[in-house]
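None of these values were measured; they are calculated from a predicted model. Positions are given from 1, in the same order as the sequence printed here.
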Amino acid sequence: MTPLEAVLATPIAIDGTQQAFGAFTVEQVRARAGELKAAVGFGPTIRVAPVALAWRELEIALDRAGVATVGELDGDSILALAPKLWVLPPGGSLL
């Protein structure tokens, strides 16, 4: 499995289920960006701000590319955004 395939296959919790990151729709990305933005506040929650911004960047990339799902974006964009989104954790692993 290539790094891109691994990122696209990464299960992410959304709408009460697990879904492959590559299957996320524009609407789901928009909702995730809004949810994370709403969680940003003071203290420790300020750390959510860069992740919320990255989800907003993904939303913009999807809109500009005119695609319906994350998996339809170009691979370089997906791989560049994945660590910022915490789809691919910084450093490559949660362990």
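Residues that satisfy the side chain to side chain contact (heavy atoms under 4.5 Å, CB included) test with T45, not counting sequence neighbours, are absent from this structure. In this structure R30 satisfies the salt bridge (charged side-chain N to carboxylate O under 4.0 Å, His left out) test together with E59, D63, sequence neighbours excluded. Partners of I78 according to the side chain to side chain contact (heavy atoms under 4.5 Å, CB included) rule, which considers only residues two or more places apart in sequence or in another chain, are L4, V7, L8, F21, V70, L73.
Taking 4.5 Å as the limit, every side-chain heavy atom of K84 sits out of range of all side-chain heavy atoms of V51. The side-chain heavy atoms of I60 and W55, taken from C-beta on, include no pair separated by under 4.5 Å.
The minimum heavy-atom distance between L81 and A54, with the atom names listed, is CD2-O, 4.3 Å. Smallest separation of non-hydrogen atoms from M1 and A6: SD-CA, 3.4 Å.
Hydrophobic clustering, with ILVMFWY side chains joined whenever heavy atoms are under 4.5 angstrom apart, keeps L53 apart from L62. Following chains of ILVMFWY side-chain contacts shorter than 4.5 Å, one can reach V26 starting from V67, so the two form part of one hydrophobic cluster. By the rule that hydrophobic residues join a cluster once side-chain heavy atoms approach within less than 4.5 Å of another member, W86 and I46 end up as members of one cluster.
Under the side-chain hydrogen bond (donor to acceptor under 3.5 Å, both in side chains) criterion, the residue pairs touching residues 64-82 are T69-E72, D74-S77, with sequence neighbours excluded. Residue pairs satisfying the salt bridge (Lys or Arg N to Asp or Glu O under 4.0 Å) criterion with at least one member in residues 35-53, sequence neighbours excluded, are listed as follows: R32-E35. For residues 4-29, there are no salt bridge (Lys or Arg N to Asp or Glu O under 4.0 Å) pairs, not counting sequence neighbours.
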Go through Q18 and I12 one step at a time and tell me if the side chain to side chain contact (heavy atoms under 4.5 Å, CB included) criterion holds.
-> CA-CA 5 Å; Q18 294 284 320; I12 305 291; 5.7 Å; no
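From I14, atom CD1 reaches atom CZ of F24 across 4.5 Å, with rounding to the nearest 0.5 Å.
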